[in-house]
Amino acid sequence: MAEKPNHSGHRARLRQTYLRGGIDSLSDVNRLELLLFYAVPRRDTNQLAHALLQEFGSFSAVMGADVARLTKVDGISENAAVLIQLVGQLSACAERERAETRSRGILDTTDKCAEYLLPHFFGLRAETVYILCLDGKCKLLACRKLGEGSINAADISTRKIVETALHHNAVSVVLAHNHPNGICRPSAEDESTTLRIWHALDAVDIQLVDHIIVSGSDYCSMADAGFFETFLR
């Protein structure tokens, strides 16, 4: 026998709380609970919200999870998982657009580059590498995903980086990759690979101006940390 929808009163009240006060008027549990209303019609979504937070540890981790992991939580259907993943990815897309609008396409500081790049790494659990191709005035020509795996992985070759920069007629480039399960501090391999890439780009008159390491909402600029002055000059 199907469970009766006996939470309609609570759902209406929570929806009105959101409509009156916006997203900041809700706790993380209530935000997930409200979202799940639209995929789970006949179940207490408060329990599901608590289960998701317990499984993933934080609201942002839930919103960055993929469908396969979400559906492993008891009670989370494929429809509910798709909704959560879709909302998370749409939010990241919107944030990327806002960052580009704010910068007007000119990425001439570390903060502007990082603000533009951070949404690209939202929810990623594998190391992923991006490149920003810039013109002589630091205007963004292209942002391209180079591949998954560490920056020194075989499938993310120096040749691919150089070819991407040349294809977009870049004067300078910024590399970025994430440390999903660590801290945003360059490893010894990151440093040696960055040095190799810098020399390869320099050989074709393209400047590598920074390599940004991302971990969650935090980032580290190898240029700001003095790497380029110490090892490349």
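Computed from a prediction, not measured in an experiment: that's the story for all the values here.
Taking the charged nitrogens against the carboxylate oxygens, Asp66 and Arg69 have no contact shorter than 4.0 Å, which rules out a salt bridge.
Under the 4.5 Å side-chain contact rule for hydrophobic residues, Leu83 and Ile23 share a cluster. Both Tyr18 and Val40 belong to a single network of hydrophobic side chains, linked directly or stepwise wherever heavy atoms of I, L, V, M, F, W or Y lie under 4.5 Å apart. Follow the hydrophobic side-chain contacts under 4.5 Å out from Leu166 and you reach Leu146 in the same cluster. When hydrophobic clusters are built by joining Ile, Leu, Val, Met, Phe, Trp and Tyr residues whose side-chain heavy atoms come closer than 4.5 Å, directly or via intermediates, Phe37 is not grouped with Leu90. Leu70 is connected to Leu53 through a chain of hydrophobic side-chain contacts under 4.5 Å among Ile, Leu, Val, Met, Phe, Trp and Tyr, so both are in one cluster.
Taken from CD in Gln89 to CD1 in Ile84, the straight-line distance is 12.0 Å, to the nearest 0.5 Å. Atom CD1 in Ile213 sits 6.5 Å away from atom SG in Cys220 (nearest 0.5 Å). Here the CZ atom belonging to Arg11 is positioned 9.5 Å from the CG atom belonging to Leu14, to the nearest 0.5 angstrom. Rounding to the nearest 0.5 Å places CD1 of Ile197 at 12.5 Å from CD1 of Ile206. Rounding to the nearest 0.5 angstrom, the gap separating the CD1 atom in Ile76 from the OG1 atom in Thr71 is 9.0 Å. The line from CZ of Phe121 to OG of Ser217 is 13.5 Å long, rounded to the nearest 0.5 Å.
Two residues are said to be in side-chain contact when any heavy atoms from C-beta on lie closer than 4.5 Å; Leu34 and Thr17 fail this criterion. Taking 4.5 Å as the limit, some side-chain heavy atom of Leu36 sits within range of a side-chain heavy atom of Leu52. Considering only heavy atoms from C-beta on, Leu201 comes within 4.5 Å of Val162 through its side chain. Side-chain contact between Glu191 and Met222 is present, with at least one heavy-atom pair separated by less than 4.5 Å. Taking the side chain as every heavy atom from C-beta outward, Met63 and Leu32 approach each other to under 4.5 Å. A 4.5 Å side-chain heavy-atom check between Glu127 and Pro180 finds at least one atom pair inside the cut-off. For the pair Ile131/Val174, no side-chain contact is recorded, criterion being any heavy-atom separation below 4.5 Å from C-beta on. Residues Glu33 and Asn30 are in side-chain contact: their nearest non-hydrogen atoms beyond the backbone lie under 4.5 Å apart.
In this structure a side-chain-to-backbone donor-acceptor pair under 3.5 Å is missing from Thr45 to Leu48. Between the Asn178 side chain and the Ala126 main chain, a donor and an acceptor come within less than 3.5 Å of each other. Formation of a donor-acceptor pair under 3.5 Å by the Asp202 side chain with backbone atoms of His199 is not found in this model.
Tested against Tyr219 for a side chain to side chain donor-acceptor pair (under 3.5 Å), the candidates Thr110, Asp224, Asp111 yield a single pass: Asp111. Under the side-chain contact (heavy atoms from CB on, under 4.5 Å) test applied with Leu132, the options Leu140, Val209, Leu175 reduce to a single match, Leu140.
Across all non-hydrogen atoms, the minimal contact from Ser25 to Gly21 is OG-C, 3.6 Å. In plain terms, the two heavy atoms of Cys184 and Val214 that are nearest each other are CB-C, 4.2 Å. Across Asp210 and Ala223, no two heavy atoms sit closer than the pair OD1-N, 3.0 Å. Shown here for Ala51 and Val73, the closest heavy-atom pair between the two residues is CB-CG1, 4.0 Å. The minimum heavy-atom distance between Thr128 and Lys145, with the atom names listed, is CG2-CE, 3.6 Å. Annotation for Ile212 and Ala114: closest pair CD1-N, 4.2 Å, computed over non-hydrogen atoms.
For CD of Glu78, the number of neighbouring non-hydrogen atoms (other residues, nucleotides, ligands) closer than 6.0 Å is 12 at most.
Using modelled atom types, one finds no donor on one side chain facing an acceptor on the other under 3.5 Å when comparing Tyr38 with Asn79. With 3.5 Å as the limit, one finds no donor-acceptor pair spanning the side chains of Ser215 and Asp218.
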I'd like a table of donor-acceptor pairs (distance under 3.5 Å, sequence neighbours excluded) in which one partner is a side-chain atom from residues 55-62, with atom names and distances.
residue, atom, partner, partner atom, Å
Ser58, OG, Ser60, OG, 3.3
Ser58, OG, Ala61, N, 3.1

* To do: Could you please spell out the steps behind the side-chain contact (heavy atoms from CB on, under 4.5 Å) verdict for Arg31 and Asp24?
  => CA-CA 9 Å; Arg31 291 167 186 169; Asp24 290 336; 3.9 Å; yes
**OP:** Give the C-alpha distance, both sets of side-chain angles, the deciding distance and a yes or no for side-chain contact (heavy atoms from CB on, under 4.5 Å) between Asp190 and His179.
**Re:** CA-CA 11 Å; Asp190 291 338; His179 289 176; 3.1 Å; yes
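Between His120 and Tyr116, the angle of the ring planes lies from 30° to 60°, which puts this pair in the tilted group.
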